[in-house]
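These notes are about the structure you will find just below.
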Number of protein chains: 2
Amino acid sequence: MATIYDVSVMAGVSLATVSRVVNNNAKVSEKTRKKVLAAMEALDYRPNAIARSLASSRSNSVGVLVSQLDGPYHGPMMSMIESVLRDAGKHVIFAAGRSDEERERASVSFLQDRGCDALVLDIEAVSDDYLVELAKGQTPIVLINRYVEPIEDRCIYLDNEQGGYLATEHLIKLGHRSIACISGPLYKLDARQRLAGHKRALAEAGLQFDPRLCVEGNFDQRSGREGVNRLLEQKRPFTALVCANDRMASGAIAGCMAQGLSVPADLSVMGYDDFPVPEYITPKLSSVSNPIHEMGKMAANWVLQHVYQLEGAPLARRFEPVLKAKESTGMNR
Amino acid sequence: MATIYDVSVMAGVSLATVSRVVNNNAKVSEKTRKKVLAAMEALDYRPNAIARSLASSRSNSVGVLVSQLDGPYHGPMMSMIESVLRDAGKHVIFAAGRSDEERERASVSFLQDRGCDALVLDIEAVSDDYLVELAKGQTPIVLINRYVEPIEDRCIYLDNEQGGYLATEHLIKLGHRSIACISGPLYKLDARQRLAGHKRALAEAGLQFDPRLCVEGNFDQRSGREGVNRLLEQKRPFTALVCANDRMASGAIAGCMAQGLSVPADLSVMGYDDFPVPEYITPKLSSVSNPIHEMGKMAANWVLQHVYQLEGAPLARRFEPVLKAKESTGMNR
DNA sequence: CTGTTAGCGCATTCAA
DNA sequence: TTGAATGCGCTAACAG
């Protein structure tokens with residue numbers, strides 16, 4: 001591999017001059033520039049990013065830490081972030097935190113140690129306090145999908161409370177009065193927020209929240225199925241069910257079908273996230289949109305503007321969910 | 001940020017000694033080790049990965065280049081690779097090639113310049129020749145999902161021809177004699193291979209391959225739907241349809257339903273990949289497994305063994321698809 | 001077992 | 001506008 005030194009020798013200039021033309025950041029006469037470029041070409045010179053980072057303490061790469069690398073949720077987000085940053089000549093390093101506090105911290109350290117200029121985090125296991133501390137450090141951070149009040153200017157998030165509200169309000173408008181619910185795992189903030197929205201919608205409609213009609217799931221399909229079974233066993237009548245995400249709603253519908261219940265005729269079911277599914281599925285799941293692409297784009301833009309001083313599209317931090325009424329919900333008979 | 005120098009001063013030892021305890025690769029007396037560790041702790045010392053790479057020309061990170069970061073295909077693969085490598089203390093840098101030759105080449109360069117110790121590539125736009133050349137370079141490479149004969153020892157792939165064969169054979173065993181097909185985009189090797197398997201199965205059963213019963217799709221759901229419509233318009237009867245992946249099969253089934261055809265009663269439909277879908281979908285898609293997790297794991301193990309000299313599980317390079325008969329295929333009446 | 005020394009490839013003063 | 005010198009933080013011989 002040719003080094004900057006080889007180029008300088010071949011071009012008959014100093015090493016510093018080569019550096020100048022490579023970085024294009026200082027006056028270089030057209031003539032010497034030509035010589036240098038020719039030498040670079042001839043030697044197939046490619047700057048060593050590692051050495052460059054060490055010397056300049058700037059890597060032109062940003063670290064992105066997500067809880068998982070697969071699944072319908074993070075894929076589009078990563079894709080969007082990569083796309084925006086890459087178009088700006090920046091690079092992206094992804095890591096997975098696996099919803100484990102140790103691992104999340106270790107990943108943050110890894111990305112910092114790799115010299116990332118900024119960190120985009122979509123993680124859930126670490127504490128708010130940790131994040132607040134982290135934000136005070138050298139490396140700028142942005143949070144996706146998490147609201148931490150002391151550093152709210154670093155947070156890009158969906159108004160989950162409002163989403164939970166919309167889902168339940170939709171059912172109420174359809175005439176449902178007994179609405180069951182399968183929440184997400186309540187140690188997660190977004191699950192609590194969605195549940196809070198659910199309760200607010202009930203309250204505004206003058207309906208009583210009945211804890212016996214609300215079970216806790218873990219966001220997996222299976223827990224949706226088990227959840228609806230538990231609800232059904234209680235023999236407490238309900239005509240609608242809100243689930244804290246699409247996967248649990250899928251499981252719940254499967255559970256209903258197994259018990260001979262028809263959706264939405266016997267039971268209306270709401271999801272949350274509005275993720276894509278095969279075209280021929282029936283019924284199509286009513287849901288609440290989760291603009292994960294947009295949040296990814298926004299995080300990337302935030303970094304571009306605040307870390308790299310590139311002006312660009314205006315920034316938004318808070319996103320509003322939108323109701324997506326489809327086939328799995330219907331009027332209460 | 002504390003440096004190795006600060007630690008050495010605080011511990012009252014030389015800089016080299018600190019390096020030794022950090023890397024744990026040479027004899028250090030228990031006593032000095034303790035001193036050093038204490039100093040490291042006190043200073044919250046974290047080695048600078050950049051400097052370390054520069055000095056050792058080894059980064060303990062491997063680059064993974066995939067065509068996309070989202071979708072059901074690459075997610076699980078990336079996840080698996082990250083998991084295996086991470087457990088071995090190695091790190092992973094992902095990049096997206098977007099099925100564009102320029103971009104794929106640029107991404108390879110990026111990963112090389114970042115000092116990756118090895119590259120795992122799941123890309124399709126670059127030529128075989130390019131890959132052969134690349135394999136001769138400094139950075140070891142492994143190919144996933146691509147068979148390039150001159151460097152076959154670097155290839156981890158699914159026997160797509162056999163998969164295509166299994167899919168069609170399944171339909172033939174069910175008594176179908178007129179079998180239509182929606183292939184993948186034929187500029188892609190795996191699409192061609194699956195089609196070849198289809199033809200072989202037909203031939204072995206003494207059936208004639210009818211080009212008019214075979215249309216080309218692009219692996220997207222929409223092209224499956226359009227494909228089946230085109231096939232149906234021809235008024236050439238067929239009782240079964242093989243699709244080169246699950247997404248197109250989904251689109252095809254949706255198209256059938258829209259035309260009042262029932263699957264599998266009126267038409268049997270086969271997919272390929274066997275990707276997970278919501279539990280309540282009907283009919284469940286008969287398919288051919290694509291052990292993408294396994295291939296990811298294998299790629300990671302290859303790197304561990306060949307690049308980092310870590311012994312581990314035995315390596316396999318060629319994977320056999322398995323037929324997954326479910327509900328979308330049935331006996332020919 | 002430990003310290004000294006010389007780079008890794010480059011950016012960046014400071015002079016010229 | 002250009003060159004010489006210094007150092008980023010660390011590893012890796014080489015001595016001792």
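Residue numbers begin at 1 in each chain, while the letters A, B, ... track the order of the sequences.
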> Relative to the 5' end of DNA chain C, which residue comes earlier, B:R33 or B:S56, by the nucleotide with the nearest heavy atom?
Replying inline: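 It is B:R33 whose nearest nucleotide is closer to the 5' end.
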Classify [X] by what it touches in the nucleic acid, base, sugar-phosphate, or nothing, heavy-atom distance under 4.0 Å.
{"X": "B:V22", "result": "nothing"}
{"X": "A:S53", "result": "nothing"}
{"X": "A:I50", "result": "nothing"}

Below 4.0 Å: OP1/OP2 of [N] and any side-chain N or O of [X]:
{"X": "B:R52", "N": "D:dT11", "value": "yes"}
{"X": "A:N48", "N": "C:dC8", "value": "no"}
{"X": "B:S57", "N": "C:dC8", "value": "no"}
{"X": "A:T32", "N": "D:dT2", "value": "yes"}
{"X": "A:Y5", "N": "C:dG7", "value": "no"}
{"X": "B:S14", "N": "C:dT4", "value": "no"}
{"X": "A:S19", "N": "C:dA11", "value": "yes"}
{"X": "B:S29", "N": "C:dT2", "value": "yes"}

Please report, rounded to the nearest Å, how far the [atom2] atom of [N] is from the [atom1] atom of [X].
{"X": "A:I4", "N": "C:dT12", "atom1": "CD1", "atom2": "P", "result": "11 Å"}
{"X": "A:D113", "N": "D:dG9", "atom1": "CG", "atom2": "P", "result": "13 Å"}
{"X": "B:L54", "N": "D:dG7", "atom1": "CG", "atom2": "P", "result": "17 Å"}
{"X": "A:K27", "N": "D:dG3", "atom1": "NZ", "atom2": "P", "result": "17 Å"}
{"X": "A:R114", "N": "D:dG9", "atom1": "CZ", "atom2": "P", "result": "16 Å"}
{"X": "A:L15", "N": "D:dT6", "atom1": "CG", "atom2": "P", "result": "14 Å"}
{"X": "B:R58", "N": "C:dG7", "atom1": "CZ", "atom2": "C1'", "result": "19 Å"}
{"X": "B:D6", "N": "D:dC8", "atom1": "CG", "atom2": "P", "result": "11 Å"}

> Atom CD1 of B:I50 and atom CG of A:D113: how far apart are they, to the nearest 0.5 Å?
Replying inline: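 Reported to 0.5 Å precision, the distance equals 9.0 Å.
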> 5'-most contact on DNA chain D: A:A16 or B:R20, nearest heavy atom basis?
Replying inline: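 That would be A:A16.
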> Got a salt bridge between A:R103 and B:D87, using NZ or NE/NH1/NH2 to carboxylate O under 4.0 Å?
Replying inline: yes
> Using 4.0 Å as the upper bound for N to carboxylate O, is an ion pair formed by A:D153 and A:R317?
Replying inline: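 No, this pair does not count.
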>> Checking the side chain of B:D117 only, and the main-chain atoms of B:N60 only, is there a donor and an acceptor separated by less than 3.5 Å?
In response: yes
> Just checking, is any N or O donor in the side chain of B:S83 or A:R98 under 3.5 Å from an acceptor N or O on the other one?
Replying inline: yes
> If you check every side-chain atom of B:T3, which of C:dT12, D:dT2, D:dC10 has the closest atom?
Replying inline: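 Closest of the options to the side chain of B:T3: D:dC10.
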> So which nucleotide from D:dC10, C:dG3, C:dA11 ends up closest to the side chain of B:P47?
Replying inline: D:dC10
> So which heavy atom on A:V307 is nearest to which on A:A118, and how close?
Replying inline: CG2-CB, 3.8 Å
